[in-house]
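A quick write-up on the structure given underneath.
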Amino acid sequence: EAGVAQSPRYKIIEKRQSVAFWCNPISGHATLYWYQQILGQGPKLLIQFQNNGVVDDSQLPKDRFSAERLKGVDSTLKIQPAKLEDSAVYLCASSLGAGGLADTQYFGPGTRLTVL
Amino acid sequence: AQKITQTQPGMFVQEKEAVTLDCTYDTSDQSYGLFWYKQPSSGEMIFLIYQGSYDEQNATEGRYSLNFQKARKSANLVISASQLGDSAMYFCAMRLIGNQFYFGTGTSLTVIP
């Protein structure tokens, strides 16, 4: 079974530029998550989708970050314009989404973003 | 308020020895789930083990076991017979009803040959 796919793996941009990340979840997983992980910290949830609807985006800086999950499968996360403090690893995860506390999230390899 | 606390920023263990990574959590909910993830230097978060708040027995998965002490709100990960490949960051996480999911700040484990 293929895991969560993410691209690109690395991205270097200058501040005020825009960037987009792509995620393809595990086949059949209804729930998709985007996390931001700053160096030395645990992941912080940015947005959670259930199929193509948003469940939680309370920690997404909506003035510069946007995300979509068209057709309830793959997803893109965009930053426009980027700031220095956006330098982080962006992790995508998916889960079956059947509900319940044991709904395990499986993570992709992440995209390491450096903003200069 | 910090929901998950991992007080050990770094740990060292001799190869083939056992090691315990500490995790305490804070919630007033009766129903919750606890997870441990491993993050090698490659960056991918790897699911290790799950414990439900109503599970009476401690979870085990191969060399990983979870020492769940509900009254103390602790969910420590025990790795037996450490291997060099176990060197990584380890994160404790909690899911609450309503899908809130919280990660701790992680513990860096180094296995010494």
Given the rule that I, L, V, M, F, W and Y join up when any side-chain heavy atoms are under 4.5 Å apart, are [X] and [Y] in one cluster?
{"X": "B:Met89", "Y": "A:Tyr90", "result": "no"}
{"X": "A:Phe21", "Y": "A:Val4", "result": "no"}
{"X": "A:Phe65", "Y": "A:Leu32", "result": "yes"}
{"X": "B:Leu66", "Y": "B:Leu96", "result": "yes"}
{"X": "B:Val78", "Y": "B:Phe35", "result": "no"}

Partner chain B: residue of A:Lys44, A:Gln41, A:Gln37 with the largest heavy-atom pair count (under 4.5 Å):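 It is A:Gln37.
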Please classify the contact of [X] with chain A as side chain, backbone, both or neither, using a heavy-atom distance under 4.5 Å.
{"X": "B:Ser31", "result": "both"}
{"X": "B:Gln51", "result": "neither"}
{"X": "B:Ile97", "result": "both"}

Find the distance between [atom1] ([X]) and [atom2] ([Y]) and round it off to the nearest 0.5 Å.
{"X": "A:Gln6", "Y": "B:Glu44", "atom1": "CD", "atom2": "CD", "result": "8.5 Å"}
{"X": "B:Asp55", "Y": "A:Leu101", "atom1": "CG", "atom2": "CG", "result": "10.0 Å"}
{"X": "B:Phe47", "Y": "A:Ser95", "atom1": "CZ", "atom2": "OG", "result": "12.0 Å"}

Which pair of heavy atoms, one from B:Met45 and one from A:Pro43, lies closest together, and at what distance? CE-CG, 3.8 Å
Taking atom [atom1] of [X] as the centre, report whether more than 12 heavy atoms of other residues, nucleotides or ligands fall under 6.0 Å from it.
{"X": "B:Gln69", "atom1": "CD", "value": "yes"}
{"X": "A:Leu84", "atom1": "CG", "value": "yes"}
{"X": "A:Glu85", "atom1": "CD", "value": "yes"}
{"X": "A:Lys71", "atom1": "NZ", "value": "no"}
{"X": "B:Glu15", "atom1": "CD", "value": "yes"}
{"X": "A:Lys78", "atom1": "NZ", "value": "no"}
{"X": "B:Lys16", "atom1": "NZ", "value": "no"}

Heavy-atom distance under 4.5 Å between the side chains of B:Phe101 and A:Tyr33, does that happen here? no
Which residues in residues 107-116 of chain A have any heavy atom lying under 4.5 Å from a heavy atom of chain B?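 So far as heavy atoms go, A:Phe107, A:Gly108, A:Pro109 are the residues that approach chain B to under 4.5 Å.
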With no hydrogens and no angle check, is any side-chain donor or acceptor of B:Tyr37 less than 3.5 Å from a backbone partner on A:Gln105? yes
Does B:Arg95 reach the main-chain N or O of A:Ala102 with its side chain, forming a donor-acceptor pair under 3.5 Å?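 The answer is no, because no donor-acceptor pair under 3.5 Å joins these two groups.
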Under a 4.5 Å heavy-atom cut-off, does chain B meet the side chain of A:Leu91, its backbone, both or neither? side chain
